[in-house]
Amino acid sequence: MDAEERYRLVARNTAEVVTEEELRELLDADPTIYIGYAPTGEMHIGHFTTIRKLADFLQAGLDVKVLVADLHAHLDDEKSPFSLLDARSAYYRAAIEGMVEAAGADPEQIEFVQGREFELTSEYALDLLRMAADTTVSRVTRAGSEVVRQSENPKLGGLVYPLLQSLDVAALDADIAYGGIDQRGIYMLSREVLPEHGYDAPVCLFAPLLSGLSGGKMSASEAGSGVNVTDPSERVHEKITDAYCPQGEVENNGVLEYLRYLVFPILDERDEPFVIERPEEYGGDVTYWSYDDLEADFVAEDLHPQDLKATAASYIDEAITPIRERFADRPALLREAYPETYA
RNA sequence: CCGCGCUUAGCUCAGCCCGGCAGAGCAGCCGACUGUAGAUCGGCUUGUCCCCCGUUCAAAUCGGGGAGUGCGGACCA
């Protein structure tokens with residue numbers, strides 16, 4: 001694979017690369033890229049799109065590490081109670097492996113790391129304290145403002161969080177920090193603070209955040225705002241049917257985004273088209289080989305939301321089916337991670 | 001250790017002073033209008049009023065005790 005193709009693969013469907021020059025330079029060698037997930041709520045399509053991209057990274061020959069950031073999950077306003085960290089970490093790992101596989105890549109090629117495996121060493125603790133000594137409260141508050149839960153009486157844990165994450169980059173020997181664009185503030189802090197402590201500043205790659213299905217941002221606290229990766233078929237169809245989807249509009253259109261960032265890349269990998277079955281009355285069946293063509297028709301209002309939704313729901317459902325099946329065998333994983341929901 | 005505030009619907013809160021059928025906004029649900037959803041309009045649901053004891057014909061409301069949470073003060077040899 002030539003350098004240009006490699007770069008295209010790594011950078012496609014991203015929101016931002018910091019910086020493009022640095023990334024091109026890194027790709028001359030075999031860099032390590034990492035992404036961290038704090039095991040808090042159930043995993044959804046948004047997570048899936050970021051994990052789908054891991055297939056791109058593997059194909060481009062990068063070393064891929066996935067951090068299951070258990071301590072982060074507790075540190076951020078105790079989103080996960082300490083007693084559930086292990087159960088949720090196990091669930092996240094299984095779900096992530098399922099998504100990697102569903103994206104057509106091999107989970108064996110990914111190195112999984114859990115936060116507590118390395119974040120409690122004395123070297124790590126010393127670095128962390130030294131960073132805490134020379135970083136202001138307002139600096140870390142700003143860094144974490146899009147990630148850490150905001151409240152009138154913020155906990156100290158939320159302030160330490162960005163420092164911890166910065167140090168993770170160094171401790172995991174990652175050349176590239178990958179994550180949603182909401183992580184930008186934290187990794188910009190990393191680029192600033194790591195060199196002052198003797199480590200390299202990471203190159204950053206950010207994934208776009210998907211719109212919620214009710215318009216606006218996707219919200220973890222709003223049940224219908226996103227499809228979970230273990231949702232039953234009926235629920236997927238229900239959520240997509242109920243989704244905000246104005247005719248001809250691309251802005252804030254979660255359905256289109258699901259197709260763009262998840263369904264089409266998977267179809268592309270398998271060399272299969274997206275086929276919409278439609279009554280003759282509304283124009284008959286249509287076949288799309290690329291997202292761009294579909295979007296063009298939608299914008300031109302040659303493709304009606306109702307026809308789009310019906311088909312999209314089936315393809316999305318199909319995309320998560322392998323994950324759902326993986327959990328069908330092991331119901332305890334979900335039940336123990338979310339006893340309130342699955343008890 | 002001491003003082004003060006807060007705790008009421010899924011969420012944000014009003015009601016408490018001065019006891020008399022537990023409320024509002026948002027969210028949610030159902031219809032109407034749309035070849036989807038949203039918006040709009042019409043309708044509807046929701047409660048351990050933090051807990052215990054007491055006063056009273058009657059307590060979210062008054063008195064006592066306690067819990068949780070937050071803020072402030074004090075201590076600083």
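Proteins come first, then strands; the chains are lettered A, B, ... in the order of their sequence lines, and each starts at number 1.
If you measure from atom NE2 of A:His304 to atom P of B:rG38, you get 14 Å, rounded to the nearest angstrom. When rounded to the nearest whole Å, the span between CZ of A:Arg278 and P of B:rG35 equals 17 Å. Following rounding to the nearest Å, A:Glu249 (CD) and B:rU36 (P) show an atom-to-atom distance of 15 Å. Distance, A:Leu308 CG to B:rA37 P: 14 Å, rounded to whole Å. To the nearest angstrom, P of B:rC29 lies 9 Å from CD of A:Glu238. One atom, CG of A:Asp77, and another, C1' of B:rU69, lie 13 Å apart when rounded to the nearest Å. Here the P atom of nucleotide B:rG35 and the CG atom of A:Asp302 are 18 Å apart, to the nearest Å. Atom pair A:Lys239:NZ and B:rG38:P shows a separation of 16 Å (rounding to whole Å applied).
When A:Asp317, A:Thr230, A:Asn228 are each tested for a side-chain hydrogen bond (donor to acceptor under 3.5 Å, both in side chains) with A:Arg324, only one passes: A:Asp317. The ring-ring contact (aromatic ring centres under 6.0 Å, His included) with A:Tyr178 is formed by just one residue from the set A:Phe57, A:Phe206, A:Tyr34; it is A:Phe57.
If you take atom C1' in B:rC62 and the same atom in B:rC18, they sit 11 Å apart, rounded to whole Å. Look at the C1' atom in both B:rG15 and B:rC21: the space between them is 14 Å, to the nearest Å. With C1' as the reference atom, B:rG66 and B:rG31 are 49 Å apart, rounded to whole Å. Nucleotides B:rC51 and B:rC29 have their C1' atoms positioned 33 Å apart, rounded to a whole Å. Comparing the same atom, P, in B:rA67 and in B:rA77 gives a spacing of 32 Å after rounding to whole Å. For the C1' atoms, the distance linking B:rC33 with B:rU40 amounts to 9 Å, nearest Å. Separating the P atom of B:rA59 from that of B:rG20 is a span of 11 Å, rounded to the nearest Å. When the P atom is used for both B:rC49 and B:rU8, the distance is 11 Å, rounded to whole Å.
For the residue pair A:Asp168 and A:Tyr124, a side-chain donor N or O sits within less than 3.5 Å of a side-chain acceptor on the partner. Side-chain N/O atoms of A:Asp134 and A:His197 include a donor and acceptor closer than 3.5 Å. In this model, a donor atom of one side chain and an acceptor atom of the other lie less than 3.5 Å apart for A:Glu42 and A:Tyr342.
At least one cation-pi condition fails for A:Arg12 and A:Phe264: the charged atom is not both under 6.0 angstrom from the six-membered ring centre and inside a 45 degree cone around its axis. Relative to the ring axis of A:Phe112, A:Arg93 places its NZ or CZ within 45° and under 6.0 Å from the centre.
When the nucleotides B:rU36, B:rG35, B:rC71 are ranked by their closest atom to the side chain of A:Asn153, B:rC71 comes out on top. In this structure, of B:rG38, B:rU36, B:rG70, it is B:rG38 that holds the atom nearest to the side chain of A:Tyr244. Residue A:Lys309 places its side chain closer to B:rA37 than to any other of B:rA37, B:rG35, B:rG70.
Taking a pair as Watson-Crick or G-U with both hydrogen-bonding distances under 3.5 Å, the stems of three or more pairs touching RNA chain B are B:1-7 with B:67-73, B:10-13 with B:23-26, B:28-32 with B:40-44, B:50-54 with B:62-66.
Annotation: side-chain hydrogen bond (donor to acceptor under 3.5 Å, both in side chains) contacts involving residues 141-156 of chain A, sequence neighbours excluded, comprise A:Asp77-A:Arg149.
Nucleic acid contact for A:Gln247: base, since at least one base atom lies under 4.0 Å from a heavy atom of the residue.
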